[in-house]
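Report on the following structure.
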Amino acid sequence: STKLATTSTGIDVTGSGKFSGTTPILRLTETDTTDLNTRLAHGGGFFYISTENDAESSNTPRIRLDHSTGDIIFYDDGGTSEDLVWDASESRLGIGDTSPAAPLDVKGTAETYTIYTRDTDNVCNQSSYGVFINKDISGSDTCTEDRTHSALRIDTDSSATGGDTNDEHRIYGIYNSLNSTGDSDAQYAAYNYVKAEPSSGTVSNVKGTYNYAIGDPDSGASVTNVYGVQSGAYAQGAGDITTIYGSNSWVNIDSDYTGS
């Protein structure tokens with residue numbers, strides 16, 4: 001039977017096709033655009049998908065597959081920077097980082113947002129989370145020193161010196177902003193819930209919030225204020241406000257508590 005047939009629009013191939021050579025190339029040339037053609041090439045154990053000009057004299061790499069490792073690289077618009085990398089051996093994805101150190105490793109440089117999530121929630125009768133982190137900790141091995149297990153850790157370092165007391169260089173480890181024009185029953189910029197239920201042993205401390213602030217300037221420099229906690233409450237607008245607290249803390253001992 002015929003495997004290759006010429007038609008009015010091109011060719012028809014029945015079965016499999018094979019391109020052999022040290023650098024086999026397949027070109028897909030579009031006739032109604034300029035310099036926007038696809039070049040598929042294989043060489044050195046790599047498979048490339050590139051954008052090629054009409055003269056077939058230059059091409060811009062878009063994707064590279066390493067057959068020996070399974071790694072996949074996506075290039076930037078200029079075809080020079082490896083902006084997105086899939087590390088197959090470690091099952092890690094790097095965005096802006098060619099050597100991802102975690103299942104998802106995102107690196108930005110002078111970006112307004114390194115990660116930006118947007119959630120449009122227009123359903124009241126269900127719970128919704130913009131970002132949900134579920135970390136489960138188990139195991140019975142013995143700790144040989146203090147260990148930290150965090151669902152979220154933020155490490156912010158700054159050596160910038162461009163600010164002054166009039167145009168401050170403000171640095172926040174966490175910055176929460178909550179604005180509501182609806183009739184929500186309860187609104188929290190931050191809500192902490194900690195519950196210790198040990199079945200054996202001792203939990204030394206349970207803290208809903210723990211703040212640690214240090215002022216440690218070099219000689220000749222200064223730190224004006226250091227606050228472990230600073231709270232501010234403002235009453236604004238024309239409506240009624242029943243109670244306003246700068247800080248509100250309470251302790252409750254349940255009636256079924258039987259400890260000492």
Side-chain angles (χ1 to χ4, degrees), residues 1-119 129-136 148-160:
S1 61
T2 302
K3 301 296 184 181
L4 179 63
T6 302
T7 69
S8 58
T9 57
I11 62 173
D12 286 342
V13 178
T14 302
S16 302
K18 182 178 181 180
F19 296 82
S20 300
T22 56
T23 309
I25 297 173
L26 173 63
R27 289 184 167 93
L28 305 176
T29 303
E30 189 174 353
T31 58
D32 60 347
T33 62
T34 302
D35 297 334
L36 296 177
N37 309 301
T38 301
R39 181 181 187 268
L40 308 178
H42 193 289
F46 298 98
F47 173 66
Y48 293 89
I49 299 177
S50 305
T51 299
E52 189 170 55
N53 66 352
D54 293 341
E56 300 178 0
S57 59
S58 66
N59 63 84
T60 302
R62 302 301 185 192
I63 301 174
R64 187 186 79 190
L65 167 64
D66 187 340
H67 283 294
S68 64
T69 63
D71 294 353
I72 303 174
I73 293 175
F74 292 80
Y75 292 88
D76 67 349
D77 57 350
T80 56
S81 176
E82 301 176 358
D83 277 5
L84 190 150
V85 175
W86 170 250
D87 185 341
S89 63
E90 299 290 344
S91 296
R92 294 173 177 174
L93 180 64
I95 300 176
D97 194 330
T98 58
S99 300
L104 177 61
D105 194 336
V106 182
K107 181 180 179 181
T109 302
E111 302 286 350
T112 302
Y113 307 102
T114 301
I115 298 177
Y116 183 85
T117 66
R118 177 177 294 176
D119 177 25
Y129 307 93
V131 176
F132 183 83
I133 301 174
N134 184 4
K135 179 177 177 64
D136 297 314
T148 300
H149 304 267
S150 302
L152 177 64
R153 174 171 176 170
I154 299 175
D155 182 6
T156 302
D157 301 304
S158 174
S159 59

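Residues Asp54 and Thr34 come closest through the heavy atom pair OD2-CA, 3.6 Å. In terms of heavy-atom proximity, Glu111 sits nearest to Gly108 at CG-CA, 4.0 Å. Contact detail for Val106 and Thr114: the closest heavy-atom pair is CG1-CG2, 3.7 Å. Smallest separation of non-hydrogen atoms from Ser50 and Pro61: OG-CA, 3.5 Å.
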Next item on the list: Assess whether side chain to side chain contact (heavy atoms under 4.5 Å, CB included) is satisfied between Phe46 and His67, documenting all intermediate values.
Entry: CA-CA 6 Å; Phe46 298 98; His67 283 294; over 6 Å; no

Next item on the list: Determine, stepwise, if the pair Ile73 / Leu84 fulfils side chain to side chain contact (heavy atoms under 4.5 Å, CB included).
Entry: CA-CA 6 Å; Ile73 293 175; Leu84 190 150; over 6 Å; no

Next item on the list: Start with the C-alpha gap between Val85 and Ile95, add the side-chain angles, then the distance that decides, and say whether side chain to side chain contact (heavy atoms under 4.5 Å, CB included) holds.
Entry: CA-CA 7 Å; Val85 175; Ile95 300 176; over 6 Å; no

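Under the 3.5 Å distance criterion, the side-chain polar atoms of Ser150 are left unmatched by any main-chain donor or acceptor of Arg153. For the pair Asp76 (side chain) and Ser81 (backbone), a donor-acceptor distance under 3.5 Å is present. For Asp97 (side chain) and Asp105 (main-chain N/O), no donor-acceptor pair under 3.5 Å exists by modelled atom type.
In this structure, Thr156 and Ile154 have side chains that are in contact, with non-hydrogen atoms separated by less than 4.5 Å. Side-chain atoms of Ile49 and Leu40, non-hydrogen and from C-beta on, do get closer than 4.5 Å to each other. Residues Trp86 and Pro100 form no side-chain contact, since every pair of their non-hydrogen atoms from C-beta on lies 4.5 Å or further apart. Between Tyr75 and Glu82 there is a side-chain heavy-atom pair separated by less than 4.5 Å. The closest side-chain heavy-atom distance from Thr14 to Asp12 is not below 4.5 Å.
Residue pairs meeting the side chain to side chain donor-acceptor pair (under 3.5 Å) criterion with at least one partner in residues 57-66, sequence neighbours excluded, are Thr51-Arg62, Asn53-Ser57, Asn53-Ser58, Asp66-Ser68, Asp66-Thr69. Evaluation of the side chain to side chain donor-acceptor pair (under 3.5 Å) test over residues 18-33, restricted to residues two or more places apart or in two chains, returns Arg27-Glu52.
Between the side chains of Ser89 and Asp87, at least one donor N or O sits under 3.5 Å from an acceptor N or O.
With sequence neighbours left out, Phe19 forms a ring-ring contact (aromatic ring centres under 6.0 Å, His included) with no residue at all.
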